[in-house]
Colleague: 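Right, I'll just put the structure down here and ask away after.
Only a predicted model underlies this, so the values are computations on that prediction, with no experimental measurement involved. Just so you know, residue 1 is the first one in the sequence shown, and it goes up from there. Just so you know, ligand 1 is whichever comes first in the structure, and atom 1 is the first atom listed for that ligand.
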Amino acid sequence: MEPDAGNIALFCDLAGTLAAMDESRQLPIDARGNIAIRLLPNVRETLLPIRDHLIFVVTNQAGVKRGRFSLAQVEAAIADLDRQLDGILTGWMICPHDDADRCACRKPKGGMIAELAATHGVDLAGSTMVGDQEIDAMAATAGGVGRFVYAAEFFGWK
Ligand SMILES: [Zn+2]
């Protein structure tokens, strides 16, 4: 524990970083048509001890634009993730767009990180982003996050 963590944040990608993906590399849909959140190994064990940090989820969900699921279903899925993590999430941002929308939020752009940082007064230089794809690393750089770590390393996956 770091009692002086202050406004240092951990920005986390969702699918493939915190939660398991299906074979199409998207969040899985259950029999009722809802998004099923299954925590990946060691996520809970890694995050609970650093819950004194600000912890955010920043996720691209072009499935909303493409009609795979609704924004409300993504919100509900992240709320479920937060419950599975004993409520440690400080907040989250969802980009519901795809490339054609040319939005400022879709990773590899840094818009979601910048907005969360401004809202919560985050010390970006001292903060970390964890993700499973190069676009997460690029978003971290674009958003000014001091350090990027791949999920496999961060969570100790073999
Ligand atoms: Zn967007």
Colleague: Near the Zn ion (ligand 1), which protein N/O/S atoms fall under 2.8 Å?
Modeller: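 You should have found C95 SG, H97 ND1, C103 SG, C105 SG.
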
Colleague: Rounded to the nearest 0.5 Å, how far does CG of L89 lie from CG of L54?
Modeller: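 The CG atom of L89 is 11.5 Å from CG of L54, to the nearest 0.5 Å.
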
Colleague: Please check: side-chain N/O of D132 versus main-chain N/O of T17, any donor-acceptor pairing under 3.5 Å?
Modeller: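 No.
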
Colleague: Is D136 salt-bridged to K107, going by a charged N under 4.0 Å from an acidic O?
Modeller: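 Judged by the 4.0 Å cut-off on N to carboxylate O distance, D136 and K107 do form a salt bridge.
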
Colleague: Please report the interatomic distance CD(E75) to CD1(I94), rounded to the nearest 0.5 Å.
Modeller: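 Those atoms lie 3.5 Å apart.
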
Colleague: Is K65 salt-bridged to D101, going by a charged N under 4.0 Å from an acidic O?
Modeller: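 Yes, K65 and D101 are salt-bridged.
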
Colleague: Pairs in or reaching into residues 105-156: which pass ring-ring contact (aromatic ring centres under 6.0 Å, His included), with residues at least two apart or in two chains?
Modeller: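 Sorted result for residues 105-156: F56-H120, F148-Y150, F155-W157.
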
